Amino acid sequence: MARPGVLISDLDGTLLGDPAALGRFAAVMASWPGRPRLVYATGRTARSVWYEVDHGGLPPPDAIITDVGTAIAGSDREPWPEWPTVRATWDVTMVRAALLDLPALALQPEVAQTPWKVSYHAPGMDRAALLRAARTLRRAGIRGRLIYSSCRDLDVLPRGVGKGPAARYVLARWGIEPGDAVTAGDTGNDRDLLRTGGVGIVVGNAHPELAALRSRAGNRIIRVTSGHADGVLEGLSLVAPGWS
Ligand SMILES: [Mg+2]
């Protein structure tokens, strides 16, 4: 890749988590002429992201993908109302009702719930438990997808929605080829994001749940040794030598 057009990065555990590294990342972004466009893709709310931009040293982004990919906003902080583009029936009360009887699922606080996602604390779910939850949704006629992260958080989203689909939507709106995008992440909810661009950077402190992610045609997975924002910088230096 001669010149990445966009960097789409997760926040918690990736750009956030090591303030000194974030400072180095922000300095590179501020002094890099013609730097890639910057997009954050996170489970956080938009409000919480803008707080980190205003008070936490996070460089101003060109767009943000929030709430696990169920919302997008531009640099003017206005939401993109057309996203998600799902037109199928999606009713979070149906999702909650369908999953009510599953053991070990506890709804996260209301602030984490949106009309597009139902978020649970679900520590230690194994593959069988996830399959059971997926089957339960299917039997209730719900076209949803389960995203399990950090061996703890379970998000239920409509099919076709998530960090990866939202990232592809942003790229399409900007007219940028997915191959010109670099992504970065640290846990399971970054899996489809890391699959989206030409290169996916798995930071050094990544959760073992990303260990099975391998490069494939058109999508190179890079595992770096540095953690957090330093890992993103390390990945960028490998992708585009001399660029950071
Ligand atoms: Mg993360």
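Both backbone and side-chain heavy atoms feed into the values below; hydrogens, waters and symmetry mates do not. In this text, all values refer to a predicted model and were calculated from it rather than measured experimentally. Whatever order the structure lists ligands and atoms in, that order sets their numbers, starting from 1.
- Take the N/O/S atoms of Asp12: the one nearest the Mg ion (ligand 1) is O.
- Under the salt bridge (charged side-chain N to carboxylate O under 4.0 Å, His left out) test applied with Asp192, the options Lys163, Arg145, Arg168 reduce to a single match, Arg145.
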Practice task
Could you walk me through whether Asp186 and Thr14 pass side-chain hydrogen bond (donor to acceptor under 3.5 Å, both in side chains), step by step?
Solution key: CA-CA 6 Å; Asp186 75 309; Thr14 307; 3.2 Å; yes
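- Looking only at its N/O/S atoms, Asp186 has OD1 as the one nearest to the Mg ion (ligand 1).
- For Arg77, the CZ atom counts as densely surrounded, since its 6.0 Å shell holds more than 12 non-hydrogen atoms of other residues, nucleotides or ligands.
- The cationic group of Arg173 lies under 6.0 Å from the six-membered ring centre of Trp80 and within 45° of the ring axis, placing it in a cation-pi geometry.
- Taking 2.8 Å as the criterion, Asp10 counts as a coordinating residue of the Mg ion (ligand 1), since one of its N, O or S atoms falls below it.
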